Amino acid sequence: MSHLAPVRFAPWVLAVSAAFAPQAQAATQAVQFNVLNASATLPTAFLAGDVLQLDTLVLGQTGALQQTINFTLGANVSGLGGQAVWEIDTATGVGPRLIGVNIDIFNNSTNALVTSDAFAGTLGGFAVSTFSSTIGPGTYRMVVTGTGVRDSVLDATLTFASVVPEPGTYGLMLMGAGVVGLLTHRRRRA
C-alpha cells in the first residue's frame, strides 16, 4: 500500500482557477403592476441565470389588459424558459377572472416576434402557460394582453440561460484535468 504526500498547488494554478470561477449572478428583477394598462423599462441587463418576474394584481378595474416590459439581455444569454399563471374563476363566480391571456416577446430592434407562451392547461381555477426559446443579446419587450372580467391576478417568470458553458466551467475542467494528470504522474513514479 503506497502513501501519497499531500498535494500542493502552484500559485498560478490557484490564480487561473480563481479567474475562471463562476461569479454569483442570479439576480431577480421584479415588476409589479396594479393597473390593467402599464409599462416599465428595466435599466439593468439580464445575464444567464437571472430572472424577470411580473406580478400583476388589479383590483376594481375591468377591461382590456395590456402590459409591457422592456428589457435588455447581456452577451452570455442564449435561451429563456419560464411560465405564467393567472386566475380564471368561473364566469358566475366572484373571484378574479382574467381571460384571453396572451404573452409575446418581441425583439425591439426588428419588431419581430421571438416567442409566445404555450398554453399548458388549467388547474383549480388557474390557467398555466410556459415559455421556451432560443434568444440572444439585445433589447426586447414582453407584451401581456387579455381581458379583466373582474379583478385580475397574473404572475409570469422568465429565466434566462446560457447554452454554452460559462468560463467557470472551463476553469473547473482545466483544474480537474490538472489534478488527474498530477495523480497519474505520481502513480507512475511510485
Side-chain angles (χ1 to χ4, degrees), residues 24-163:
Q25 207 52 45
T28 297
Q29 293 186 53
V31 176
Q32 296 179 337
F33 290 136
N34 61 2
V35 293
L36 291 173
N37 296 294
S39 65
T41 299
L42 301 176
T44 306
F46 289 96
L47 300 175
D50 289 350
V51 176
L52 167 59
Q53 192 172 50
L54 168 63
D55 180 19
T56 297
L57 175 59
V58 180
L59 303 175
Q61 186 181 16
T62 61
L65 169 85
Q66 178 148 358
Q67 298 176 339
T68 303
I69 301 174
N70 293 289
F71 60 94
T72 303
L73 298 180
N76 69 344
V77 175
S78 56
L80 69 84
Q83 66 182 10
V85 61
W86 58 95
E87 198 160 351
I88 55 166
D89 195 13
T90 60
T92 58
V94 294
R97 182 163 173 81
L98 184 58
I99 61 171
V101 172
N102 186 55
I103 304 172
D104 295 320
I105 297 175
F106 294 93
N107 183 317
N108 276 351
S109 61
T110 63
N111 205 30
L113 177 65
V114 175
T115 189
S116 290
D117 64 322
F119 184 69
T122 61
L123 180 63
F126 290 90
V128 178
S129 64
T130 60
F131 296 91
S132 181
S133 179
T134 58
I135 197 167
T139 58
Y140 297 89
R141 74 182 176 280
M142 179 168 70
V143 178
V144 181
T145 58
T147 302
V149 177
R150 293 187 293 270
D151 295 343
S152 299
V153 177
L154 176 133
D155 291 308
T157 302
L158 297 178
T159 302
F160 302 102
S162 175
V163 178

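Remember, predicted model here, so these are calculated numbers, not experimental data.
Taking the six-membered ring where the residue is Trp, F71 and F46 present perpendicular rings, their angle passing 60° and hence far from 30°.
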(request) Could you walk me through whether F106 and V114 pass side-chain contact (heavy atoms from CB on, under 4.5 Å), step by step? (result) CA-CA 5 Å; F106 294 93; V114 175; 5.8 Å; no
(request) Mind running side-chain contact (heavy atoms from CB on, under 4.5 Å) on T72 and L42 for me, showing each step along the way? (result) CA-CA 8 Å; T72 303; L42 301 176; over 6 Å; no
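Identified under the side-chain hydrogen bond (donor to acceptor under 3.5 Å, both in side chains) test for residues 117-130, with sequence neighbours left out: D117-S129. Residues in residues 146-156 take part in no side-chain hydrogen bond (donor to acceptor under 3.5 Å, both in side chains) pair, two or more places apart or across chains.
Nearest heavy atom pair, residue F33 against residue I69, reads CE1-CG1, 4.1 Å. Minimum interatomic distance between D50 and A27 (heavy atoms only, all atoms of both residues): OD1-N, 2.8 Å. Of all non-hydrogen atoms in T56 and Q67, the two that sit nearest each other are OG1-OE1, 2.8 Å.
When side chains are defined from C-beta on, Y140 does not count as touching T115, because their heavy atoms never get closer than 4.5 Å. Side-chain contact between V144 and L154 is present, with heavy atoms from C-beta onward closer than 4.5 Å. At least one side-chain heavy atom of F131 sits less than 4.5 Å from a side-chain heavy atom of I103. The closest side-chain heavy-atom distance from V35 to N37 is not below 4.5 Å. Put simply, the side chain of V51 reaches to within 4.5 Å of the side chain of T157, judged on heavy atoms. Residues I135 and V77 form a side-chain contact, since some pair of their non-hydrogen atoms from C-beta on lies under 4.5 Å apart. Using a 4.5 Å heavy-atom threshold, the side chains of L57 and N34 count as separate. In this structure, F160 and L47 have side chains that are not in contact, with every pair of non-hydrogen atoms separated by 4.5 Å or more.
With rounding to the nearest 0.5 Å, the separation of CG in N102 from CZ in F119 is 12.0 Å. Atoms CG and CG, on L113 and N107 in that order, are 10.5 Å from each other to the nearest 0.5 Å.
S116 pairs by the side chain to side chain donor-acceptor pair (under 3.5 Å) definition with D104, not counting sequence neighbours. Among residues two or more places apart in sequence or in another chain, the side chain to side chain donor-acceptor pair (under 3.5 Å) test is passed with N108 by N70, R141. Remark: T44 pairs with Q29 by the side chain to side chain contact (heavy atoms under 4.5 Å, CB included) rule, at least two apart or across chains.
The backbone N or O of N76 lies less than 3.5 Å from a partner atom in the side chain of S162, making a donor-acceptor pair.
Remark: Q61 CD is packed, more than 12 non-hydrogen atoms of other residues, nucleotides or ligands lying under 6.0 Å away.
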Contacts under 3.5 angstrom, residues 85-94 side chains, donor-acceptor by atom type, not counting sequence neighbours:
from: D89; atom 1: OD2; to: G95; atom 2: N; distance (Å): 2.7
from: T90; atom 1: OG1; to: G93; atom 2: N; distance (Å): 3.2

